[in-house]
2 protein chains.
Amino acid sequence: MTKIRKAILKILSEDCCLISPAVMLQKLKSAGLNPDRSTIFRELSLLTQKTITNKIVIGDINYYELAEDHHHHLVCMGCDNIAKISLSAHLQQQEEQIKINNNFTVVNHALEFYGYCASCQDTNGDI
Amino acid sequence: MTKIRKAILKILSEDCCLISPAVMLQKLKSAGLNPDRSTIFRELSLLTQKTITNKIVIGDINYYELAEDHHHHLVCMGCDNIAKISLSAHLQQQEEQIKINNNFTVVNHALEFYGYCASCQDTNGDI
DNA sequence: TTTTATGCAAACAATTTGCAGGTCA
DNA sequence: TGACCTGCAAATTGTTTGCATAAAA
């Protein structure tokens with residue numbers, strides 16, 4: 001448990017939602033650390049390998065989030081903002097069906113909704 | 001409507017599921033064309049921009065698929081195979097709820113389930 | 001002390017861009 | 001013709017790797 005790893009885990013738990021390697025680097029710098037980029041890539045992929053974090057790709061950017069805090073995302077195509085929502089209960093049903101119908105054991109899922117948030121709906125007229 | 005664009009659309013409709021830029025290049029070569037990589041990137045992002053295709057990222061690989069043939073994916077973490085399934089009816093309900101609860105207008109979504117297919121379950125014991 | 005993590009520099013791969021020439025309507 | 005498409009080469013970005021040093025167990 002090194003300084004950098006501890007700081008990364010702290011940032012992940014505070015920021016609670018998605019964070020990219022680049023932003024992680026910024027935040028570590030703000031916290032007084034100055035790690036190499038490669039260290040961050042190595043650390044985040046290690047954490048993902050250990051299923052402590054999940055990796056999610058949205059619009060060409062790789063994001064990481066704590067696996068324990070599972071949820072889904074509303075991605076605004078107007079302002080690129082990403083909000084959280086949670087539909088896990090419904091998907092759990094689906095996953096049971098998938099086990100039965102497809103003989104496929106689901107261990108994880110990713111669900112993103114793309115569209116327009118309240119303010120971008122206004123900007124673009126009534127979509 | 002150029003030769004290359006026509007060929008790309010043909011390949012997309014035949015292969016029906018996900019296709020990466022690299023594989024698209026291979027298939028175009030098999031079809032007797034020899035386009036530059038940049039042409040493929042340009043073409044696929046143009047098609048995506050026109051919402052003719054959707055871009056999906058699974059395991060660090062960018063895939064494209066025809067938007068009209070919408071479905072979801074079962075991604076096997078053992079053998080990396082990707083299968084299609086469809087749960088659209090169920091998600092439509094969710095999208096209406098999102099409109100009401102979050103004032104967010106959904107125009108598209110991506111849903112991938114990660115887990116183990118029938119044969120990989122056997123290989124890994126009873127997961 | 002033995003393993004594991006880190007920084008640095010170099011290597012890599014996928015994608016993007018500028019530009020000049022070619023193609024399509 | 002005028003707009004768009006294409007190939008080529010170069011640039012850019014995000015990520016990975018090898019190796020020597022430093023820190024952790």
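Labels below follow one simple rule: chain letters A, B, ... track the order of the sequence lines, proteins then strands, and each chain is numbered from 1.
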Rounding to 10°, can you tell me the angle the first-five-pair axis of the helix from C:dT1-D:dA25 to C:dA25-D:dT1 makes with its last-five-pair axis? 40°

Range on DNA chain D touched by chain B, heavy atoms, distance below 4.0 Å: D:dC5 to D:dC8

With a 4.5 Å heavy-atom cut-off, do A:Leu47 and A:Leu12 have their side chains touching? yes

Applied to residues 51-61 of chain B, the side-chain hydrogen bond (donor to acceptor under 3.5 Å, both in side chains) test, sequence neighbours excluded, yields A:Lys55-B:Asp60, A:Asp60-B:Lys55, B:Thr48-B:Thr53, B:Asn54-B:Asn108

NE2 of A:His72 to CD of B:Gln94, rounded to nearest 0.5 Å, is 9.5 Å

Any residue meeting salt bridge (Lys or Arg N to Asp or Glu O under 4.0 Å) with B:Arg5, in chain and number order, not counting sequence neighbours: B:Glu43

Look at all strands and tell whether B:Asp60 reaches a base, only sugar-phosphate, or nothing, counting heavy atoms closer than 4.0 Å. nothing

Partners passing salt bridge (Lys or Arg N to Asp or Glu O under 4.0 Å) against A:Lys3 (at least two apart in sequence or in another chain): none

Side chains of A:Glu112 and B:His109 only: does a donor on one sit below 3.5 Å from an acceptor on the other? no

Looking at DNA chain D, which of residues 42-58 of chain B put a heavy atom within less than 4.0 Å of it? B:Arg42, B:Glu43

Test: ring pair (Phe, Tyr, Trp, His ring centres under 6.0 Å). Region: residues 17-54 of chain A. Which pairs qualify, not counting sequence neighbours? none

Are B:Pro35 and B:Ile40 close enough that some pair of their side-chain heavy atoms sits under 4.5 Å apart? yes

Between which nucleotides of DNA chain C, 5' to 3', does chain B make heavy-atom contacts below 4.0 Å? C:dT15 to C:dG18

What residues in residues 21-32 of chain B put a non-hydrogen atom under 4.0 Å from any atom of DNA chain C? B:Pro21

Map B:Met1 and A:Thr2 onto DNA chain C by nearest heavy atom, then report which one ends up closer to the 5' terminus. A:Thr2

Other ILVMFWY residues reachable from A:Val106 by side-chain steps of under 4.5 Å: A:Leu74, A:Ile85, A:Leu87, A:Leu91, A:Ile98, A:Phe104, A:Leu111, A:Phe113, B:Leu74, B:Ile85, B:Leu87, B:Leu91, B:Ile98, B:Phe104, B:Val106, B:Leu111, B:Phe113

What's the separation between atom CG in B:Asn81 and atom SG in B:Cys120, rounded to the nearest 0.5 Å? 8.5 Å

ILVMFWY cluster membership beyond A:Val57 - transitive side-chain contacts under 4.5 angstrom: B:Val57

Nearest 0.5 Å please: distance from the CG atom of B:Leu9 over to the CD1 atom of B:Ile4. 12.0 Å

Rounded to the nearest 0.5 Å, what separates atom OH in B:Tyr114 from atom NE2 in B:His73? 10.0 Å

Testing the 3.5 Å rule here: is there a donor-acceptor pair between the side chains of A:Glu65 and A:His71? yes

So side-chain hydrogen bond (donor to acceptor under 3.5 Å, both in side chains) across residues 19-36 of chain B, not counting sequence neighbours, yields B:Asp15-B:Lys27, B:Asp36-B:Ser38

